[in-house]
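Sharing a structure, written as structure tokens. Questions coming.
Start at 1 with the first residue, then count along the sequence. Note that the structure is predicted; figures quoted are calculated from it, not measured.
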Amino acid sequence: CLVQVLSAVQEECVRQARGTFNNFLQTRNVIDISCVVNNKNAAAQGAQEQPKLDQILEEMVIMNSRAELYTNFIKRNLLDDTESEWEGIVGMKTLQQEAMGHYILLETHFIKQSILKAVSLESRNKKSLVSSLVDDSCYLVQKSVNRAISSRSVDTACAMINNAASSLSVEVCNELLTVIKNGYPNSLSYSWQQGSDESVLEQKEQFLTATNNLHATADNIAKLRRGFEAKCEKSFGSDSAALEKLTSCISGFSDVCSDFKEALKKAENTLCKAAVFPKIHPVVAEFASSSHVITEDQLYMLEVEDPWLQEIVKVVDEVIIPLKQLLHQSIYDSVLKISITEMTEYLEKLALTCSYNQLGGLLLDKRLRSLVTFLSGITEWSIREKFARLTQIALILSVERLSEVSEYTSSSVKCCLSTAEIKQCLKLRNDFKKDDINKIVGD
């Protein structure tokens, strides 16, 4: 019968394949290279074998791909489902598993050592915000995973997808995090350049480059994931079980992407705490050092020229805006949001420690409107929400009569303040009596 004939032919196929595989192992020194890879103390020697190893890996993938085509053809066209475990096919599969075992070991070593080399050779073009590490690491991952998928072995592809994702997280993300953890040097000068020695400038540049690298790599990982999904769909689309398994593994790149984004958040907060907050806090703090029980003449003079407001604008101009040329737009936007949030929260705390008359409340309202107008001019998103609580505090502090508070709380405008907070604000007015406030606001 057909199966008996195939058994005789298949036995010879397996014998020939075994001979070819053994000859490949010997002529390409695969066993020796595998020993080097397994010896963790021989990483440098393994790195020297990278170009040769790349060629060997390509040949191993081609060998397995051809074997997969053959075994799939036999199973699909000549065997019934009940004969799927035919001994001849099992023999070929065993040989393929042995070959792919060597391949996974060497490919994992290849991608790790290649990424480590990319880290050691990292450079940055002065016209670029990111370093060579971004493109190099993502290219290496793409090359390795696509090669594994080309092997037509689901288990091999899954293993390398997982290993490649791990390499990005361990070798690249951790390397960039190390730079972020070294911190951003805090200069006493407003300028990013003046008064800084060469080592400080270098540390600043490394920090900003690492921050941009985190963002760019996260974007690239998302693109890689889509590319791998498309390639798997093309290579394994007819096998729903295999495709589901591969898709599940590829989803691991989302976790890696999240690692980079989380590291990016740390970088943004570190930058703000080191470079922005120390300059903003002292200027904002001046708000509490001046009186807010003022006359009409004082209000008029401050409307014409407000030193406190001018100083805040100066700090933003000299500290935050220069970052626009040094950071990716989305990172710059995040730094702006973090800085504005810190500014408004700090100003709110200070505002609730001062005493006011109506004119003092009107001055605060005017200052906030000016700040919103200025900051809106340097952002691409609405910042009014960030000032919502402060704006309502100023509105309450500037009422002429307590009865106006009832009109405010009953209006259609969304109130950001609780009853207790409204009462707290009214008690800051030096011309409102506590009993009157309690009657109007209540508990």
Side-chain angles (χ1 to χ4, degrees), residues 269 272 276-277 280-294 296 298-299 302-303 306 308-309 311-313 316 333-334 336-379 381-443:
N269 286 316
C272 289
V276 181
F277 293 176
I280 286 181
H281 280 172
V283 177
V284 176
E286 289 297 318
F287 178 87
S289 64
S290 58
S291 174
H292 301 280
V293 178
I294 59 176
E296 290 186 359
Q298 289 174 317
L299 176 61
L302 289 171
E303 285 179 340
D306 189 339
W308 178 80
L309 201 57
E311 196 63 24
I312 288 184
V313 171
V316 173
D333 288 341
S334 294
L336 259 180
K337 289 178 182 178
I338 294 170
S339 301
I340 291 174
T341 299
E342 178 69 15
M343 182 193 302
T344 55
E345 290 179 352
Y346 186 41
L347 181 56
E348 180 180 329
K349 291 179 182 178
L350 294 173
L352 294 176
T353 64
C354 301
S355 178
Y356 303 81
N357 61 3
Q358 184 192 8
L359 296 178
L362 289 171
L363 176 62
L364 174 59
D365 182 68
K366 184 265 180 186
R367 284 173 162 175
L368 293 177
R369 292 176 186 276
S370 297
L371 270 179
V372 168
T373 300
F374 167 69
L375 294 173
S376 295
I378 62 171
T379 62
W381 38 273
S382 175
I383 67 167
R384 294 187 180 279
E385 183 180 345
K386 298 290 184 182
F387 281 83
R389 283 180 58 84
L390 268 173
T391 300
Q392 292 184 7
I393 289 173
L395 180 62
I396 292 172
L397 289 172
S398 63
V399 296
E400 183 177 357
R401 298 179 301 274
L402 280 172
S403 59
E404 295 177 22
V405 177
S406 299
E407 298 174 6
Y408 160 69
T409 54
S410 61
S411 68
S412 60
V413 178
K414 180 182 178 181
C415 184
C416 300
L417 305 175
S418 65
T419 301
E421 289 172 329
I422 293 174
K423 184 182 292 187
Q424 180 187 4
C425 292
L426 290 172
K427 288 179 180 179
L428 299 177
R429 283 284 295 268
N430 67 347
D431 51 341
F432 289 159
K433 295 180 180 180
K434 183 176 180 181
D435 292 341
D436 294 336
I437 293 173
N438 292 332
K439 290 177 182 179
I440 294 294
V441 180
D443 295 323

(request) Can you see which heavy atom on V316 is nearest to which on M343, and at what distance? (result) CG2-CE, 4.4 Å
(request) Check whether any side-chain heavy atom of R367 sits under 4.5 Å from a side-chain heavy atom of W308, and report yes or no. (result) yes
(message) Is any side-chain heavy atom of S376 closer than 4.5 Å to one of I383?
(response) yes
(request) Considering only NZ, NE, NH1 and NH2 on the basic side and carboxylate oxygens on the acidic side, decide whether D333 and K337 come within less than 4.0 Å. (result) no
(message) Would C272 and E342 count as a side-chain contact (heavy atoms from CB on, under 4.5 Å) here? Give the steps.
(response) CA-CA 9 Å; C272 289; E342 178 69 15; over 6 Å; no
(request) Of all the heavy-atom pairs spanning L397 and C425, show the shortest one and how long it is. (result) CD2-O, 3.2 Å
(request) Could you list the residues that satisfy side-chain contact (heavy atoms from CB on, under 4.5 Å) with S382, not counting sequence neighbours? (result) R384
(message) Side chains of Y356 and D431, heavy atoms from C-beta outward: is any pair under 4.5 Å?
(response) no
(message) Return the CD to CG distance between E303 and L362, rounded to the nearest 0.5 Å.
(response) 8.5 Å
(message) For N357, give me all partners under side-chain contact (heavy atoms from CB on, under 4.5 Å), at least two apart in sequence or on another chain.
(response) V293, I294, L359, N430
(request) Could you list the residues that satisfy ring-ring contact (aromatic ring centres under 6.0 Å, His included) with F277, not counting sequence neighbours? (result) H281
(request) Rounded to the nearest 0.5 Å, what's the gap from CG on L309 to CZ on F287? Could you check? (result) 11.0 Å
(request) For I378 and L336, work out which heavy atoms get closest and say how close. (result) O-CD1, 3.6 Å
(request) Measure the spacing between CG of L395 and CG of L417 and express it to the nearest 0.5 Å. (result) 9.5 Å
(request) With sequence neighbours left out, write down each residue that passes side-chain contact (heavy atoms from CB on, under 4.5 Å) with R401, or none if nothing qualifies. (result) S403, E404
(message) Using side-chain heavy atoms (C-beta onward) and a distance below 4.5 Å, is L426 in contact with I440?
(response) no
(request) Quick one: pull up CD1 in I393 and CG in L364 and give me the separation to the nearest 0.5 Å. (result) 8.0 Å
Can you give me every donor-acceptor pair (side chain of residues 345-352, partner residue at least two apart or in another chain, under 3.5 Å) with its distance?
residue : atom : partner : partner atom : Å
E348    : OE1  : R389    : NE           : 3.2
E348    : OE2  : R389    : NE           : 3.2
E348    : OE2  : R389    : NH2          : 2.8

(request) Measure the CD1-NZ distance between I422 and K427 for me, rounded to the nearest 0.5 Å. (result) 13.0 Å
(request) State, yes or no, whether a side-chain contact exists between S355 and H292 at a heavy-atom distance under 4.5 Å. (result) no
(message) Looking at D435 and K433, is any side-chain nitrogen of the basic one under 4.0 Å from a carboxylate oxygen of the acidic one?
(response) no
(message) Measuring only between side-chain heavy atoms, which start at C-beta, is R369 closer than 4.5 Å to F387?
(response) no
(request) Consider only side-chain N and O atoms of E286 and S289, and report whether a donor and an acceptor are under 3.5 Å apart. (result) yes
(request) Locate the shortest heavy-atom distance separating A288 from C354; write the atom from each residue and the value. (result) CA-SG, 3.9 Å
(request) To the nearest 0.5 angstrom, please state how far the CG atom of L402 sits from the CD1 atom of I396. (result) 11.0 Å
(request) Mind checking side chain to side chain donor-acceptor pair (under 3.5 Å) for T353 and listing every partner two or more places apart, or none if nothing turns up? (result) none
(request) Side-chain contact test, heavy atoms from C-beta onward, threshold under 4.5 Å: evaluate it for R429 versus V399 and give yes or no. (result) yes
